[in-house]
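Numbers for residues simply follow the sequence, beginning at 1. The shown structure was predicted, so the numbers you read here are calculated from the model rather than taken from an experiment.
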Amino acid sequence: MKKIICIVPEHMFSKAEIKKLGTGFKTIYKNNYRPDKVGFFGMLMPEGYAYAERKPSEAVVVLVEVEEDIQRAKREELMHLFSDFLLKNFSISPLDAVITVANASFVQQFSAAQQNRIHPKHRFWINLKTMATAMTSKILNGYYRLRVKM
């Protein structure tokens, strides 16, 4: 299953809006790229964790995982569609959205790098906590939430 990871400031969206983000992003992916199953994962960035222009950032960061053989025109089309969705549904300017349509190999390398920064003896427990948080969030909030703080 491919992934869409969306990082947003924790105060920016309600639970219902994050669910709407997930539904909209998955629809764009399925209708304009591949009908495969795609998972949406939300990450709520605590205040003080992201800055731009020397002030707390209000940017939305979206990482969309795609196959290696995606053509440049399709990649650009997807970025445009995700950007339009954010603007039309949430009034988020393209200047406040960082959208990456990344090959699966890059996403895997990024995930491996994230794992490697955790001391090996703690990885199992941190991964377990992360999965528990995601599953609990799916049940309670309707979307998978990824942990920011380990």
Side-chain angles (χ1 to χ4, degrees), residues 1-46 49-50 52 57-118 120 123-150:
M1 172 175 64
K2 299 294 186 233
K3 296 176 272 316
I4 299 171
I5 300 172
C6 185
I7 305 170
V8 298
E10 69 181 346
H11 65 279
M12 186 176 239
F13 296 105
S14 68
K15 290 176 189 176
E17 289 172 324
I18 294 173
K19 282 176 63 175
K20 183 178 177 180
L21 273 171
T23 301
F25 286 171
K26 289 185 337 185
T27 299
I28 290 168
Y29 190 95
K30 289 178 179 185
N31 291 346
N32 298 282
Y33 178 56
R34 291 199 152 181
D36 306 339
K37 186 169 182 168
V38 62
F40 173 81
F41 299 86
M43 185 179 276
L44 306 180
M45 192 62 62
Y49 273 51
S57 175
E58 293 293 318
V60 172
V61 179
V62 182
L63 173 68
V64 181
E65 183 180 9
V66 295
E67 296 294 336
E68 303 296 317
D69 62 353
I70 189 170
Q71 299 297 310
R72 180 179 177 176
K74 178 54 77 173
R75 186 185 308 270
E76 290 173 358
E77 175 192 349
L78 287 171
M79 289 187 282
H80 181 80
L81 290 168
F82 281 101
S83 180
D84 279 354
F85 176 81
L86 288 170
L87 181 61
K88 290 176 185 169
N89 291 277
F90 299 99
S91 299
I92 295 174
S93 161
L95 298 174
D96 290 323
V98 178
I99 301 167
T100 303
V101 175
N103 292 357
S105 62
F106 173 83
V107 175
Q108 289 169 347
Q109 288 172 351
F110 180 79
S111 296
Q114 290 294 90
Q115 285 294 309
N116 288 336
R117 72 182 183 85
I118 301 168
R123 277 187 203 142
F124 173 79
W125 297 110
I126 289 173
N127 288 337
L128 186 62
K129 284 171 46 178
T130 300
M131 288 189 301
T133 298
M135 295 306 293
T136 301
S137 176
K138 180 68 173 173
I139 293 165
L140 297 177
N141 304 318
Y143 69 94
Y144 295 107
R145 180 175 163 213
L146 297 178
R147 298 173 60 82
V148 173
K149 298 177 186 179
M150 300 292 174

Working note: Thr23 + Tyr143, criterion side chain to side chain contact (heavy atoms under 4.5 Å, CB included); need CA distance, chi angles, decisive distance, verdict.
CA-CA 9 Å; Thr23 301; Tyr143 69 94; over 6 Å; no
Apply side chain to side chain contact (heavy atoms under 4.5 Å, CB included) to residues Leu44 and Val8 and explain how you reach the verdict.
CA-CA 5 Å; Leu44 306 180; Val8 298; 3.6 Å; yes
Using the side chain to side chain contact (heavy atoms under 4.5 Å, CB included) rule, take Leu86 and Ile99 through it: C-alpha gap first, then chi angles, then the decisive distance, then the call.
CA-CA 10 Å; Leu86 288 170; Ile99 301 167; 4.3 Å; yes
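Atom CZ of Arg145 sits about 13.5 Å away from atom SG of Cys6, to the nearest 0.5 Å. Distance check: Leu87 CG to Asp96 CG gives 10.5 Å after rounding to the nearest 0.5 Å. For the atom pair CD1 of Ile5 and CZ of Phe110, the computed distance is 7.0 Å after rounding to the nearest 0.5 Å. Rounding to the nearest 0.5 Å places OH of Tyr144 at 9.0 Å from CD1 of Ile139. Separating the CG atom in Leu21 from the CG atom in Asn89 is a distance of 8.5 Å, to the nearest 0.5 Å. Residue Phe85 holds its CZ atom at 9.5 Å from CD1 of Ile92, rounded to the nearest 0.5 Å.
Contacts of Glu77 classified as side-chain hydrogen bond (donor to acceptor under 3.5 Å, both in side chains), with partners at least two apart in sequence or in another chain: Lys74. Every residue two or more places apart in sequence or in another chain that forms a side-chain contact (heavy atoms from CB on, under 4.5 Å) with Asn103 is listed here: Val66, Glu68, Ile70, Arg75, Ser105. Applying the side-chain contact (heavy atoms from CB on, under 4.5 Å) rule to His80 yields the partners Asp84; only residues at least two apart in sequence or on another chain are considered. In this structure Lys15 satisfies the side-chain hydrogen bond (donor to acceptor under 3.5 Å, both in side chains) test together with Asn141, sequence neighbours excluded. Residues forming a salt bridge (charged side-chain N to carboxylate O under 4.0 Å, His left out) with Lys3 (at least two apart in sequence, or on another chain): Glu65.
Ser57 contributes a side-chain N or O that, together with a main-chain N or O of Ala59, makes up a donor-acceptor pair within less than 3.5 Å.
Side-chain contact between Phe40 and Ile18: present, with at least one pair of heavy atoms (C-beta onward) separated by less than 4.5 Å. Residues Lys20 and Phe90 meet the side-chain proximity criterion, which asks for heavy atoms closer than 4.5 Å. Within the 4.5 Å cutoff, the side chain of Met45 has no heavy atoms near those of the Val61 side chain.
Shown here is Lys19, whose NZ atom has no more than 12 heavy atoms of other residues, nucleotides or ligands within 6.0 Å.
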Identify all side-chain donor-acceptor contacts of residues 30-39 below 3.5 Å with residues at least two apart in sequence or on another chain.
| residue | atom | partner | partner atom | Å |
| --- | --- | --- | --- | --- |
| Asn32 | ND2 | Ile28 | O | 3.1 |
| Tyr33 | OH | Glu67 | N | 2.9 |
| Arg34 | NH1 | Glu67 | OE2 | 3.4 |

